[in-house]
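Note that the structure is a prediction, hence the values are computed from the model and not measured.
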Amino acid sequence: IPCKVTKEEYHQAVLRWLSEGDYTPDDILTSSVFDEINGLFLPMYFYKGRYHGNWSASSGYNRREEYLEWSESQKKNVRKTRTVTDWRPSSGQVAGTFAILGFAGTGEGIKPDIAVYAHDTNFERGDLKKYDSKYTLGFNLLEFKVGEEDVWDTLGKVQADSISKSDVQKRIPGDKHKDLMSDVLYDREEAIKVYVPYWIVYYKYAEKEFHVCMDGTSSTRISGERPEDKSRKDQVAKFFLPSHIILGVWLLVWLIF
């Protein structure tokens with residue numbers, strides 16, 4: 001997948017992202033020591049296919065019912081209402097498609113959370129280009145170290161299960177559910193080896209190391225770690241705590257009178 005974000009665009013995005021943190025220290029840009037920006041192509045398997053199966057659950061339907069309760073202050077039974085859930089068995093079938101990425105490196109040269117974040121890279125099937133070194137000039141390529149089936153077993157199926165489970169939950173009738181069970185099978189096409197572009201920079205602040213990474217296909221997908229100014233965070237907490245107490249007292253007085 002060719003990189004669509006330039007090094008300069010990434011650099012500017014990093015500066016904006018660092019300055020936007022709620023508790024980011026004021027001197028984050030002047031007191032941080034940045035390593036050189038790294039452009040990487042991460043080795044991924046692209047899995048595409050269909051899922052199908054059956055599910056069963058207990059569906060809960062909420063209704064309001066009235067009841068009488070003795071009131072000591074009024075010396076009589078008082079009519080009240082409560083929510084009651086009626087449970088009924090439900091079942092059905094589920095079917096759909098999935099298209100996911102699975103990191104095929106060993107983790108050497110990259111933090112695990114960056115590889116996991118890269119699984120959500122968005123791209124169209126038409127974005128895939130046959131490998132050509134012209135697309136990777138100036139970038140480092142991490143090697144494919146893990147086989148297709150092993151990546152599916154450890155990373156791919158987990159994502160596919162999440163997709164199918166989310167689909168199942170949308171199909172369950174009622175206001176709530178419990179005891180969900182599903183039996184889903186996956187029909188996979190042959191996996192494609194894909195190199196996914198990423199920008200990463202490591203930096204140090206107050207002797208601690210942090211990182212910021214960005215999806216090379218979209219400048220809107222940026223993630224990383226920011227240092228926090230503890231004193232500023234404490235000041236915010238102190239500011240909001242009294243206001244919450246005052247609001248609570250005001251509401252209590254309003255309800256009483």
Side-chain angles (χ1 to χ4, degrees), residues 1-18 34-51 96-164 186-203 209-225:
I1 305 175
C3 188
K4 297 179 180 179
V5 180
T6 67
K7 191 173 186 177
E8 181 58 30
E9 288 172 336
Y10 170 65
H11 178 247
Q12 294 300 321
V14 167
L15 298 182
R16 288 194 301 271
W17 187 83
L18 287 175
F34 289 84
D35 290 342
E36 187 171 346
I37 293 176
N38 293 308
L40 294 178
F41 272 92
L42 306 182
M44 299 274 189
Y45 284 108
F46 177 49
Y47 301 100
K48 190 172 182 291
R50 298 188 58 82
Y51 59 86
T97 61
F98 65 90
I100 55 180
L101 292 169
F103 181 62
T106 60
E108 295 180 9
I110 186 174
K111 290 189 174 182
D113 52 337
I114 296 176
V116 172
Y117 184 73
H119 287 163
D120 292 328
T121 298
N122 292 316
F123 65 94
E124 300 294 332
R125 190 68 179 258
D127 293 337
L128 291 174
K129 306 295 182 184
K130 186 175 181 179
Y131 178 82
D132 191 316
S133 60
K134 69 180 181 181
Y135 296 125
T136 62
L137 288 176
F139 286 75
N140 294 319
L141 277 72
L142 299 187
E143 293 184 45
F144 280 83
K145 292 284 190 178
V146 187
E148 171 188 339
E149 292 302 321
D150 289 334
V151 173
W152 170 258
D153 291 339
T154 57
L155 299 172
K157 189 174 182 300
V158 174
Q159 298 179 70
D161 286 343
S162 178
I163 293 171
S164 62
Y186 300 99
D187 297 327
R188 291 189 281 131
E189 298 178 8
E190 184 178 355
I192 301 174
K193 282 186 174 182
V194 179
Y195 269 115
V196 178
Y198 252 75
W199 290 106
I200 302 172
V201 67
Y202 295 95
Y203 68 98
E209 186 175 84
F210 303 88
H211 76 269
V212 185
C213 64
M214 177 186 283
D215 187 335
T217 65
S218 171
S219 59
T220 61
R221 266 184 40 85
I222 186 169
S223 179
E225 305 163 310

Q. Do Asn122 and Thr217 pass the side chain to side chain contact (heavy atoms under 4.5 Å, CB included) test, and can you show the C-alpha distance, the side-chain angles, and the key distance before you say yes or no?
A. CA-CA 7 Å; Asn122 292 316; Thr217 65; 5.6 Å; no
Nearest atoms (heavy-atom pairs only) where [X] meets [Y]:
X	Y	result
Ile222	Trp17	CG2-CD1, 3.6 Å
Cys213	Tyr117	SG-CD2, 4.1 Å
Arg221	Thr121	NH2-N, 3.7 Å
Pro43	Gly105	CG-N, 3.9 Å
Ser164	Tyr51	CB-CD1, 3.8 Å
Ala118	Leu42	CB-CD1, 3.7 Å

(Q) Tyr203: which residues meet the ring pair (Phe, Tyr, Trp, His ring centres under 6.0 Å) condition with it, sequence neighbours left out? (A) Phe34, Phe210
Is the side chain of [X] donor-acceptor paired with the backbone N or O of [Y] at a distance under 3.5 Å, no angle test?
X	Y	value
Tyr47	Trp152	yes
Trp199	Val5	yes
His119	Phe103	yes
Glu189	Gly49	no

Q) Using the ring of each side chain (for Trp, its six-membered ring), is Tyr202 parallel, tilted or perpendicular to His211, with breaks at 30° and 60°? A) tilted
Q. Among all residues two or more places apart in sequence or in another chain, which pass the side-chain hydrogen bond (donor to acceptor under 3.5 Å, both in side chains) test with Thr106?
A. none
Q) Looking at side-chain heavy atoms only, is the closest gap between Tyr45 and Ile192 below 4.5 Å? A) no
Could you go through residues 127-145 and list every donor-acceptor pair under 3.5 Å that involves a side-chain atom there, pairing it with any protein atom two or more places apart or in another chain?
{"residue": "Asp127", "atom": "OD2", "partner": "Glu124", "partner atom": "N", "Å": "2.9"}
{"residue": "Asp132", "atom": "OD1", "partner": "Lys134", "partner atom": "N", "Å": "3.0"}
{"residue": "Thr136", "atom": "OG1", "partner": "Ser133", "partner atom": "O", "Å": "3.1"}

